[in-house]
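Order of listing sets the numbers, starting from 1, for every ligand and every atom in it.
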Amino acid sequence: MKNILITGFDPFHGETINPSFEIIKFLDTSAFHANIHIAEIPTVFYDASKKVIDLIHTIKPDIVIMLGQAGGRKEISLERVAINIDDANIPDNLGRMPSNQPISVFGPTAYFASLPLAQLESVLKSKHIPVAISNTAGTFVCNHLMYSVLHEAHVNNLNMIAGFIHVPYLPEQTLTKPSKFSLDQSIMVQALEIIIETLIDL
Ligand code: PCA
């Protein structure tokens with residue numbers, strides 16, 4: 001059976017929930033023909049990547065699916081690329097706000113996700129779930145985590161595939177931001193289930 005690590009973040013920037021971990025909580029992990037490990041990650045530069053990389057060395061997953069909130073996006077965003085820069089516009093949960101700093105001084109400029117994004121996009125579209133491949137994971141903690149995990153896999157030649165998925169707000173988060181888009185929890189949980197099934201069958 002495949003080993004799968006799925007991570008979501010804790011709430012940040014004044015939110016009381018983070019949809020990326022809310023939807024993981026509603027997964028029935030026993031329903032899959034795989035060993036599913038889930039973890040909540042702090043929205044903190046370096047602490048987030050250290051926690052996930054430690055888990056990777058313990059669990060030795062075949063597949064790593066990292067999730068994060070991208071408030072304002074209108075679809076499930078399959079991130080194509082992580083870039084070697086930290087450039088925060090808001091503080092992380094420890095008040096850190098790095099500006100124009102490389103994540104890895106000797107690392108490459110960028111890494112592509114190693115998940116089959118086009119396949120995931122087409123499966124989700126066939127189920128009428130709003131989805132798109134995104135060409136930027138931003139320059140905040142999510143991009144930092146994605147870059148760090150792909151860098152770790154590259155330098156250690158790890159036998160795993162990994163990628164990052166940004167999700168929109170949940171409806172309860174947009175009650176005070178009526179101009180912002182949200183997606184129902186049931187749709188996001190369904191999307192995650194389809195992604196897991198597709199990756200198990202690879
Ligand atoms: N989203 C942030 C960090 C944590 C999260 O859920 C981001 O997009 O960087």
Inset, instruction - Taking the six-membered ring for Trp and the full ring for Phe, Tyr or His, determine whether the centres of Y147 and Y111 are under 6.0 Å apart. - result: yes

Legend entry - Basic-acidic side-chain contact under 4.0 Å: E15, K180: no

Legend entry - Where H13 and N93 come nearest, the two heavy atoms and their spacing: N-OD1, 4.2 Å

Legend entry - Heteroatom distance test (Q69, ligand 1): nitrogen or oxygen, under 3.5 angstrom: yes

Legend entry - Minimum heavy-atom distance L150-A162, with the two atoms named: CD2-O, 3.8 Å

Legend entry - Shared hydrophobic cluster for I103 and F164 (ILVMFWY, side-chain gaps under 4.5 Å): yes

Inset, instruction - Please say whether N143 places an N or O atom under 3.5 Å from an N or O atom belonging to ligand 1. - result: no

Inset, instruction - Tell me which protein heavy atom sits closest to atom 8 (O) of ligand 1, plus the residue, atom name and distance to 0.1 Å. - result: H166 NE2, 2.8 Å

Legend entry - ligand 1 atoms in contact with N18 (distance to a heavy atom under 4.0 Å): 5 (C), 6 (O)

Inset, instruction - Taking atom types as modelled, find out whether N18 and S20 have a side-chain donor-acceptor pair closer than 3.5 angstrom. - result: yes

Inset, instruction - Have a look at ligand 1 and work out which part of H144, if any, has a heavy atom under 4.0 Å from it: side chain, backbone, both or neither. - result: neither

Legend entry - Per-atom contacts, ligand 1 versus G68 - under 4.0 Å to a heavy atom: 6 (O)

Legend entry - Donor-acceptor side-chain pairing of D10 and T43 below 3.5 angstrom: yes

Inset, instruction - Flag T43 as yes when one of its N or O atoms lies below 3.5 Å from any N or O atom of ligand 1, and as no otherwise. - result: no

Inset, instruction - Write out the residue and atom name of the closest protein heavy atom to atom 5 (C) of ligand 1, then the distance separating them to 0.1 Å. - result: F12 CE2, 3.2 Å

Legend entry - Protein contact of atom 9 (O) of ligand 1 - nearest heavy atom, named by residue and atom, plus distance: C142 N, 2.9 Å

